[in-house]
Protein chains: 2
Amino acid sequence: MGTRRGIPEATVARLPVYHRVLTSLNEVGVATVSSEELANASGVSSAKLRKDLSHLGSYGTRGVGYDVEFLVYQIARELGLTQDWPVVIVGVGNLGRALANYGGFASRGFRIVGLLDADPNLVGKDVAIAPGLRVRHLDELERVVREAEPAIAVIATPAEAAQSVCDRVVAAGMTSILNFAPVVLGVPDRVEVRKVDLATELQILAFHEQRRTRDDDLVVSAGGAL
Amino acid sequence: MGTRRGIPEATVARLPVYHRVLTSLNEVGVATVSSEELANASGVSSAKLRKDLSHLGSYGTRGVGYDVEFLVYQIARELGLTQDWPVVIVGVGNLGRALANYGGFASRGFRIVGLLDADPNLVGKDVAIAPGLRVRHLDELERVVREAEPAIAVIATPAEAAQSVCDRVVAAGMTSILNFAPVVLGVPDRVEVRKVDLATELQILAFHEQRRTRDDDLVVSAGGAL
DNA sequence: CGGTGTGAATTCATTCACAGCG
DNA sequence: CGCTGTGAATGAATTCACACCG
């Protein structure tokens with residue numbers, strides 16, 4: 001039976017993908033999927049998918065597969081998507097704006113309750129699709145946190161500002177941070193930080209691209225020598 | 001001695017962080033760091049850092065530490081940052097624009113050679129800081145690839161367009177893709193895809209936030225019962 | 001029969017702890 | 001003496017392979 005306690009971190013990181021794929025399937029009217037099908041659509045092996053789902057419980061039917069609608073709900077519940085998550089975004093440059101207008105948030109329980117920036121020229125602007133959500137000055141951070149009680153902050157400021165914004169966010173009592181600034185944030189143990197780093201991702205691709213090229217050369221050389 | 005062949009994937013993913021931290025230290029004039037210091041600044045344990053660096057070679061000095069400038073160069077070389085990486089960005093919405101204007105790219109050898117979009121209203125616009133880089137129509141993709149020979153494509157389109165853009169990118173001969181669209185891209189084995197998914201990251205945070213809250217409740221209940 | 005769920009085997013990553021070098 | 005580099009120990013994630021159930 002599903003272990004209930006302690007879902008492995010690697011599994012948690014894949015649940016959002018399964019959730020999205022299942023949601024699509026559901027919208028198209030698919031009622032049932034096998035682990036093989038769902039795995040293919042999610043870009044993982046079927047063994048991995050079954051092991052992942054087994055951590056949530058025995059939600060499949062042997063010889064048949066998984067009920068799409070039921071599974072969507074179970075994953076959503078496990079991830080906490082069935083509740084409302086107020087979020088503040090600090091830093092309203094191109095990236096912050098892109099985030100503010102990203103539809104994927106609202107549909108999954110994430111509700112932007114604050115768009116904050118230190119630049120007076122941006123304050124008061126209406127940059128988001130969200131109804132009447134204007135940019136407020138960074139100094140209103142504490143007020144926003146008191147009023148809307150967001151647990152999650154998104155930091156989309158320039159690198160130089162990130163740590164001090166982070167400190168204020170933590171001081172205001174928030175406990176989860178999604179950091180887009182290219183710096184390693186220092187936080188107390190109780191605060192969870194995840195980072196998304198565009199340059200890092202490109203560098204990892206470059207590494208593999210380089211390795212590929214080098215290896216091709218080796219193969220060619222070796223081939224020539226034979 | 002450093003194994004030379006096959007640096008572990010987990011290590012590769014951390015090298016960009018070390019590289020950035022070391023670059024900062026170098027700019028501030030620090031000549032030497034210990035594994036302890038560099039590890040702290042990078043948010044990892046010193047044992048992990050030493051093991052990571054050991055895969056590149058024996059670049060430290062016992063009793064002293066690492067020469068900052070030398071190590072920056074070694075990591076850069078390993079990651080392929082010492083060469084020029086032409087990159088195309090497909091999709092020039094807020095996110096694509098944020099990427100186009102992100103300074104961290106140029107400074108690490110990534111050079112944007114194409115900004116492409118299917119929207120005629122965007123074509124011809126000058127959205128990037130980059131000198132004279134105007135948005136071109138998606139149909140020019142093949143031409144851009146032929147002329148500038150980029151290996152890496154960044155996909156920042158809406159979800160609906162991502163797979164067809166991906167297919168064209170692959171058909172044009174590119175082999176590395178950084179995908180920001182919230183879909184699982186299907187590609188041939190030879191093509192490497194990395195994805196950055198904003199909604200996924202928030203969902204992982206929400207999961208932990210929810211767990212934290214649940215556990216707190218348990219602690220409180222248990223405490224009350226004693 | 002077909003496909004899930006899962007122990008067992010394997011591979012990959014992290015941590016420990018210390019020998020040995022500068 | 002201090003700090004690197006690394007085998008050995010531990011832990012986490014993936015893959016295998018098949019018992020078992022609908």
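In what follows, every chain begins at residue 1, and chains take the letters A, B, ... in the order their sequences are listed. The figures that follow rest on heavy atoms only: side chains count, while hydrogens, waters and symmetry mates do not.
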Asker: Which of these nucleotides, C:dA8, D:dA13, D:dT6, is closest to any side-chain atom of A:Pro8?
Answerer: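 The answer is D:dA13.
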
Asker: Taking atom CG of B:Leu22 and atom CG of B:Leu38, what is their separation to the nearest 0.5 Å?
Answerer: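 Taking CG in B:Leu22 and CG in B:Leu38, the distance rounds to 5.0 Å.
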
Asker: Could you tell me the separation between the CD atom of B:Glu37 and the P atom of D:dG2, rounded to a whole number of Å?
Answerer: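 Whole-Å distance recorded here is 14 Å.
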
Asker: Does A:Gly63 or A:Ala47 map to a spot on DNA chain D nearer the 5' end, using the closest nucleotide for each?
Answerer: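 Mapping each residue to its closest nucleotide by heavy atoms, the 5'-most match is A:Ala47.
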
Asker: Roughly how many Å is it from CD in A:Glu9 to C1' in D:dA13, rounded to a whole number?
Answerer: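 A:Glu9 atom CD is separated from D:dA13 atom C1' by 12 Å.
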
Asker: Please state whether the base of D:dG2 and the side chain of B:Arg62 form at least one donor-acceptor pair under 3.5 Å?
Answerer: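 For B:Arg62, whose side chain was compared with the base of D:dG2, there is no donor-acceptor pair (under 3.5 Å).
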
Asker: Measure CG/A:Leu49 against P/C:dG5 and give the value in whole Å, please.
Answerer: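 Rounded to whole Å, this separation is 10 Å.
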
Asker: Roughly, in whole Å, what's the span from CG in A:Asp67 to P in C:dT4?
Answerer: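 Between P of C:dT4 and CG of A:Asp67: 13 Å.
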
Asker: Can you tell me how far P of D:dT4 sits from CG of B:Leu56, to the nearest Å?
Answerer: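 After rounding, the reported distance stands at 15 Å.
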
Asker: Under a 4.5 Å cut-off applied to non-hydrogen side-chain atoms, are A:Tyr66 and A:Leu53 in contact?
Answerer: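 SC-SC contact between A:Tyr66 and A:Leu53 confirmed.
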
Asker: Counting any heavy atom closer than 4.0 Å, what does B:Ser46 reach on the DNA or RNA strands: base, sugar-phosphate only, or nothing?
Answerer: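 Contact class for B:Ser46: none.
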
Asker: Given A:His208, which of A:Gln210, A:Arg212, A:Arg211 fulfils the side-chain hydrogen bond (donor to acceptor under 3.5 Å, both in side chains) condition?
Answerer: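 By the side-chain hydrogen bond (donor to acceptor under 3.5 Å, both in side chains) criterion, A:His208 pairs with just one of A:Gln210, A:Arg212, A:Arg211: A:Arg211.
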
Asker: Just by modelled atom types, is the B:Asn26 backbone N or O under 3.5 Å from a matching donor or acceptor in the B:Glu69 side chain?
Answerer: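 Absent.
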
Asker: Does C:dG3 have OP1 or OP2 sitting under 4.0 Å from an N or O in the side chain of A:Ser34?
Answerer: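 For A:Ser34, the contact criterion (side-chain N or O under 4.0 Å from OP1 or OP2 of C:dG3) is not met.
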
Asker: Figure out the CG/P separation between B:Leu38 and D:dT4, and round it to whole Å.
Answerer: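 Atom-to-atom, B:Leu38 to D:dT4, this comes out as 10 Å.
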
Asker: Report the distance from atom NE2 of B:His55 to atom P of D:dG7, rounded to the nearest whole Å.
Answerer: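 In whole Å, D:dG7 P lies 11 Å from B:His55 NE2.
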
Asker: Mark yes or no for whether A:Arg20, through its side chain, and B:Pro182, through its backbone, hold a donor-acceptor pair below 3.5 Å.
Answerer: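 Side chain of A:Arg20 to backbone of B:Pro182, a donor-acceptor pair under 3.5 Å: yes, one is there.
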
Asker: Looking at D:dG7, I'd like to know if its phosphate oxygens (OP1 or OP2) sit under 4.0 Å from a side-chain N or O belonging to B:Arg50.
Answerer: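 Indeed not, no polar side-chain atom of B:Arg50 lies that close.
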
Asker: Taking only side-chain N and O atoms of B:Ser45, does any of them lie within less than 4.0 angstrom of OP1 or OP2 on C:dT15?
Answerer: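 Result: yes.
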
Asker: Reckon B:Tyr66 has a side-chain N or O less than 4.0 Å from the OP1 or OP2 of C:dG22?
Answerer: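 So the side chain of B:Tyr66 is outside the cut-off, no N or O lying under 4.0 Å from OP1 or OP2 of C:dG22.
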
Asker: Give the rounded distance in Å between these two atoms: CG of B:Leu53 and P of D:dG5.
Answerer: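 So the two atoms are 8 Å apart, to the nearest Å.
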
